[in-house]
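Count residues from 1 along the sequence. Both ligands and their constituent atoms are indexed starting at 1 by order of listing.
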Amino acid sequence: MTRMPKDWEASSQAWIESVEQGDPNRVYLLDEVMLRLAGDVRGRAVVDVGGGEGRFSRMLASRGARPVLVDPVRSLLEHSARKEPQIGKVRAVGESLPIRSESMDLVVAYLCLIDIPDFRQGIREMARVLRPGGAIVVANLQSYATTLPSPSVRWGTAQKKHLLVSSYFEELAHQVQWSGIQVTNFHRPLSSYFEAFLSSGLTLEAFEEPRPKSSSTAPEAWLEAAREIPYFYACRWRKSG
Ligand SMILES: C[S@@+](CC[C@H](N)C(=O)[O-])C[C@H]1O[C@@H](n2cnc3c(N)ncnc32)[C@H](O)[C@@H]1O
């Protein structure tokens, strides 16, 4: 079996606290897009790969889905079970999903691809467990935003935001830290991700670079940066059938 991520295990309490404080990227930007791309989930069998402490699985369950939360970190799964015992949970890495082939209507990969060391195998597994006609919805960081390890070195002057980018075409591992969380994140060019989805037989059906609504009530500092540069993309891949 692929190695369980000790860094995520050690950071799990800090991660739970940061999720509970509310991440503006999710709350003000990505949740709405991911739910819309997921479509009508009532009665659907969904696997939330790298689903962490289960926040998005709970959102799907409250909309009538039958989610299974897959994550390698025991304490995150335990937190999910305390919050919502009805949600299925499986301790596993995305590279080896203990799920029957073609048994899922929907796969969710919500900001987890940059955490999966062998992302090509992870994407093959997502495609394998999906039934023909099913979809994978993905939220990911833009690849131009992951070439450097720390957000603090990415921004330019206070007057104008610039993103620093280097070694774009390399696949790199970075140690990253924020809010007491210390984990490994991986940078890959966008084409590496897309080639992995395409070579798994999937078709790109939707692609969005979410931007805050003009009516957004998000904190001003976050809005200022989010309006300047799309830090994330979201997309939906379809398995033919
Ligand atoms: C940034 S968190 C995202 C959690 C959740 N999807 C969300 O958006 O709140 C990344 C998650 O990936 C998980 N992870 C780490 N290595 C993984 C692997 N090899 N396969 C699947 N998930 C992994 C971590 O345990 C963590 O829960």
I need the contact type for [X] against ligand 1. Using non-hydrogen atoms and a strict under-4.0 Å cut-off, is it side chain, backbone, both or neither?
X: W15; answer: side chain
X: A139; answer: neither
X: W8; answer: side chain

Side-chain donor-acceptor contact under 3.5 Å, [X] with [Y]:
X: E171; Y: S192; answer: yes
X: D23; Y: Y28; answer: no
X: R128; Y: S101; answer: yes
X: E9; Y: S75; answer: yes
X: H79; Y: Q13; answer: no

Are any of the heavy atoms in [X] under 4.0 Å away from ligand 1?
X: E95; answer: yes
X: V73; answer: yes
X: R26; answer: yes

N/O of [X] under 3.5 Å from N/O of ligand 1, yes or no?
X: G94; result: yes
X: G50; result: yes
X: D71; result: yes

SB check R91 D71 (cutoff 4.0 Å):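 No.
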Salt bridge present between E205 and R238 (N-O < 4.0 angstrom): yes
Derivation and outcome, side chain to side chain contact (heavy atoms under 4.5 Å, CB included), residues E78 and K89: CA-CA 9 Å; E78 287 170 355; K89 57 181 187 347; 5.7 Å; no
Face-on cation placement of R26 at Y110 ring, 6.0 Å and 45° thresholds: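 The answer is yes, since R26 meets both limits relative to Y110.
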Short list, please: which atoms of ligand 1 are under 4.0 Å from a heavy atom of [X]?
X: V93; answer: 19 (N), 20 (N)
X: L76; answer: 25 (O), 27 (O)
X: P117; answer: 19 (N)
X: G52; answer: 4 (C), 27 (O)
X: P5; answer: 15 (C), 16 (N)

Selection from I181, L97, D115 by shortest heavy-atom distance to atom 16 (N) of ligand 1: D115
Centroid separation F186 to F119 less than 6.0 Å: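 No, too far apart.
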